[in-house]
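What follows is a short report on a single structure.
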Amino acid sequence: MTKLLEWLFGVSLVGAVWALVSFDLLDLSLPQTYREVAWPMPLYLLVSFGCYSLATVGYRVATFNDCEEAAKELQGQIKEAKEDLRRRGLKM
Amino acid sequence: MASRKTSHPNRDSEDKYSILLPTYNERENLPLIVWLLVKYFGESGYNYEIIVIDDGSPDGTLEVAEQLQKIYGEDKILLRPRAKKLGLGTAYIHGMKHATGNFIFIMDADLSHHPKFIPEFIEKQKEGNYDLVSGTRYQGSGGVYGWDLRRKLISRGANFLSQVLLRPGASDLTGSFRLYKKAVLDSLVERCVSKGYVFQMEMIVRARQLNYTIGEVPISFVDRVYGESKLGGNEIVSFVKGLITLFATT
């Protein structure tokens, strides 16, 4: 199963449950509060997922390591490498 | 044993590591990356060879590679040039044809990937007998140097989106510093058709699909010291296209 099909499967499953509860399709005579809670649920889920995404990406951008040390180390090694290679007869 | 450990701890190992270095206009960087590879392989004592696959660089990369071959020996530096610029995937296939190692490293030749991490990759691989070990900029001590806020945001955003859609089981999908068992790379490269950034992503997604095991090592990514780093609108569009393709087909 491709990821696309997995998603479609998941979304239709959730959608079906949502429709069952919100419109009481099976005549289960669910309490009114169930229907009232279920009805706006997709929007809530969408908004909370959006918030979660923004927060996660924001946090990860803010905590992205800046490797100053690695860059400095590399610059030093480049100098060392150039001297050594020149000594060994490399024409750059 | 103790005395051997101090000088060349891993010389007796049967394993051999072939490093594939696809190059295009890297005459400045190639000698430096080779020097660093020789240094760190020399210190750790692992058996290795460096395979330079130059795609007809007009700047004379191949000529520099020939000089390096004279300095370090034909058993350490192998030249497998091609006449013109072809895809990354075919560069790996081309390089692997002549690789004598049972493990293959792939990395960029532009010094953004530092060979000092190589012993960590090898230890990680041995630790779990992983089929592939991927360097990651996104976990632990991993990170980047030389990226502005925009670049970081795009990178993190793209990574998050890919994680959500593809759930690949690895944190750095577009990284290209990786260690593969040779047979694993053989079978993956055959299946992967994408270009550019997406190629590396497809490799890891297919690896998961084929139930290969993946280990990860945090790496620092120091953006190109020489030359221009590229991340324009074109790259972003082709990334999104590739992501959607993988989403629909894997």
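As the structure is a computational prediction, the values presented were derived from the model and not from experiment. Throughout, a chain's letter reflects where its sequence line sits, starting with A, and its residues are numbered from 1.
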Any donor-acceptor N or O pair under 3.5 Å, side chains A:Q77, B:H114 | yes
Does the cation-pi check pass for A:R60 over B:F160, that is, NZ or CZ under 6.0 Å from the six-membered ring centre and within 45° of its axis?
-> no
Below 4.5 Å, heavy atoms only, C-beta onward: do B:L32 and A:L74 meet side chain to side chain?
-> no
Hey, are the side chains of A:L85 and B:L68 touching, using non-hydrogen atoms and a 4.5 Å cut-off?
-> yes
For residues A:L90 and B:W35, determine if any side-chain heavy atom of one lies less than 4.5 Å from a side-chain heavy atom of the other.
-> no
In terms of the angle between their ring planes, are A:F64 and B:W147 parallel, tilted or perpendicular, with boundaries placed at 30° and 60°?
-> perpendicular
CZ of A:F23: more than 12 outside heavy atoms within 6.0 angstrom?
-> yes
Does a sphere of radius 6.0 Å around OH in B:Y145 hold more than 12 heavy atoms from other residues, nucleotides or ligands, not counting ones at 6.0 Å or beyond?
-> no
Is chain B contacted by the side chain of A:F49, its backbone, both, or neither, given a heavy-atom distance below 4.5 Å?
-> side chain
From B:E63 atom CD to A:K91 atom NZ, the distance as rounded to the nearest 0.5 Å = 8.0 Å
Hey, could you give me the CG/CZ distance between A:L5 and B:F247, rounded to the nearest 0.5 Å?
-> 9.0 Å
Toward chain A, the part of B:L161 with a non-hydrogen atom under 4.5 Å = neither
From CG (A:L4) to CG (B:L166), nearest 0.5 Å | 11.0 Å
Heavy-atom proximity to chain B below 4.5 Å, by part of A:E73 | side chain
Sort B:S155 into side chain, backbone, both or neither according to what part of it lies under 4.5 angstrom from a heavy atom of chain A.
-> side chain
At a heavy-atom separation under 4.5 Å, does A:E6 approach chain B through its side chain, its backbone, both, or neither?
-> side chain
